Amino acid sequence: MAGARVESVALGRPDLRFPFPERFAERIAGQRIETLSRRAKYLLAELSSGETLLMHLGMSGSFRAASGIAGADAFHHPRSKLAAHDHVIFDLVTSDNEPARVIYNDPRRFGFMTLVEAGGRDTHPLLKDLGMEPTGNRLDGPWLAAAFAGKRTPLKAALLDQRIIAGLGNIYVCEALNRASLSPTREAGTLSRRGPVAARRAEKLATAIREVIAEAIQAGGSSLRDHMRTDGTLGYFQHTFRVYDREGEPCPTPGCGAPVTRIVQSGRSTFYCRHCQR
DNA sequence: ATGGTACCCTGAGAGC
DNA sequence: TGCTCTCAGGGTACCA
């Protein structure tokens, strides 16, 4: 989509999780997509009009794309054909002057799209309170310790809090905690105690978070059920899950092997090893 | 302030 | 085969 001109936008219904904003399609049609980026779990497409198209996939949203197909054939390509729960269709002309179609599909409609006015990125309610990105070296032990200082909430809940770290979901929190040998029920603030033990714990968790995210991206994401990449293929990170959705299976930590436990924390499943995660 | 819970919605899978 | 029940990558509103 980057560099493409949007020819038209078609909506299959008036809302996803929220209603589309006023004149949604008209405000995008005719615009060029200047840049594509990501913040936390939001996708951002900056338009030549100055507005930004803000998108979230929720739990079940996916994009699929048909491009690089000569001439009018693009719109007859099998991947261009509409299917159940296709809610938004972008018809584009790419920077190489090729027609292309990008389709947003979302069975549960927990995803959404909206438009952010020019210059409104820092003040938009959905974006302004987001915390640290989990990629890159800025998320290190000392930063994590400072961020969790005084927090009595369980580590699991603290890691899912998008105001602290922005972009971790249920799977990657479970995986990072297992790698760091930390219990999801531990008080977050205990990583901020003075002394070398807490400092090492915080550093290990920060490293585990960065590694899990990097490896998942490398593997093309985690495909549960029908989740897919834009070319229709599945990511394969789920094959490397150590604890997520593995209740009763042996913990893969070397020398451990205790069965993985499932508990519920703030309404979501947590998978972890009671034996080696402390 | 920070739980925990219900809810938005559809589909998949298990059990009967 | 078909029914009912449970659960699911997220986030927010509301309660105690």
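To find a chain, count down the sequence lines: A is the first, B the second, and so on, and within it residues start at 1. In this text the structure is predicted, and so the values were computed from the model without any measurement.
- Atom CZ of R152(A) sits in a sparse spot, with 12 or fewer heavy atoms from other residues, nucleotides or ligands closer than 6.0 Å.
- Taking the syn range as angles within 90° of 0, the glycosidic angle of dG9(C) is syn.
- Atom P of nucleotide dA1(B) and atom CD1 of I164(A) are separated by 14 Å, given to the nearest angstrom.
- Looking at heavy-atom distances under 4.0 Å, R262(A) makes contact with sugar-phosphate atoms alone, never a base.
- A salt bridge between E187(A) and R193(A) is absent, with no side-chain N of the basic residue lying under 4.0 Å from a carboxylate O of the acidic one.
- Protein atom CG of D161(A) is 10 Å distant from nucleotide atom C1' of dT2(B), rounded to whole Å.
- In summary, the side chains of R268(A) and N170(A) do not present any donor paired with an acceptor at a separation below 3.5 Å, with no hydrogens or angles considered.
- The CD1-C1' distance, from I171(A) to dG9(C), rounds to 5 Å in whole Å.
- Atom CD of E247(A) is separated from atom P of dA14(B) by 15 Å (rounded to the nearest Å).
- We find that CE of M59(A) is positioned 11 Å from C1' of dC8(B), with the value rounded to whole Å.
- Two residues, R163(A) and S266(A), neighbour DNA chain B, and the one matched to the more 5' nucleotide by heavy-atom proximity is R163(A).
- In terms of phosphate contacts, Y42(A) brings no side-chain nitrogen or oxygen within less than 4.0 Å of OP1 or OP2 of dG10(C).
- Dashed line: the shortest gap from a side-chain N or O of R17(A) to OP1 or OP2 of dG11(C) is not under 4.0 Å.
- Between F18(A) atom CZ and dG11(C) atom P there is a gap of 11 Å when expressed in whole angstrom units.
- In this structure, the nucleotide among dT10(B), dT12(C), dG11(C) sitting nearest to the side chain of R109(A) is dT10(B).
- Atom name P, nucleotides dC9(B) and dC3(C): the rounded distance is 23 Å, in whole Å.
- A donor-acceptor contact under 3.5 Å links the side chain of R108(A) to the base of dC9(B).
- Look at S60(A) and you won't find any side-chain N or O under 4.0 angstrom from OP1 or OP2 of dC9(B).
- Ring orientation note: the planes of H56(A) and F112(A) are close to parallel, at an angle under 30° on the 30°/60° scale.
- Comparing dG11(B), dG9(C), dG11(C) by their nearest atom to the side chain of P107(A) picks out dG11(B).
- In this pair, F20(A) and F24(A) present their aromatic rings tilted. The plane angle is within the 30 to 60° band.
- Protein atom CZ of F110(A) is 11 Å distant from nucleotide atom P of dG9(C), rounded to whole Å.
- Listed candidates were dG11(C), dT2(B), dG11(B). Nearest to the side chain of R268(A) is dG11(C).
- When heavy atoms are screened at a 4.0 angstrom cut-off, Q162(A) is found touching the sugar-phosphate backbone but no base atom.
- Side-chain polar atoms of T207(A) and R179(A) form no donor-acceptor pair below 3.5 angstrom.
- With a 6.0 Å radius and a threshold of 12 heavy atoms from other residues, nucleotides or ligands, R38(A) has its CZ atom above the threshold.
- The CG-P distance, from L16(A) to dC9(B), rounds to 12 Å in whole Å.
- Taking 4.0 Å as the cut-off between side-chain N and carboxylate O, E26(A) and R23(A) do not count as a salt-bridged pair.
- A sub-4.0 Å separation between OP1 or OP2 of dG10(C) and a side-chain N or O of H56(A) is absent.
- OP1 or OP2 of dG11(C) sits under 4.0 Å from a side-chain N or O of K41(A).
- Taking side-chain N and O atoms only, H85(A) has no distance below 4.0 Å to OP1 or OP2 of dC9(B).
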5'-to-3' dot-bracket of DNA chain C (Watson-Crick, G-U; under 3.5 angstrom; crossing pairs as [ ]; | other strand): .|||||||.|||||||
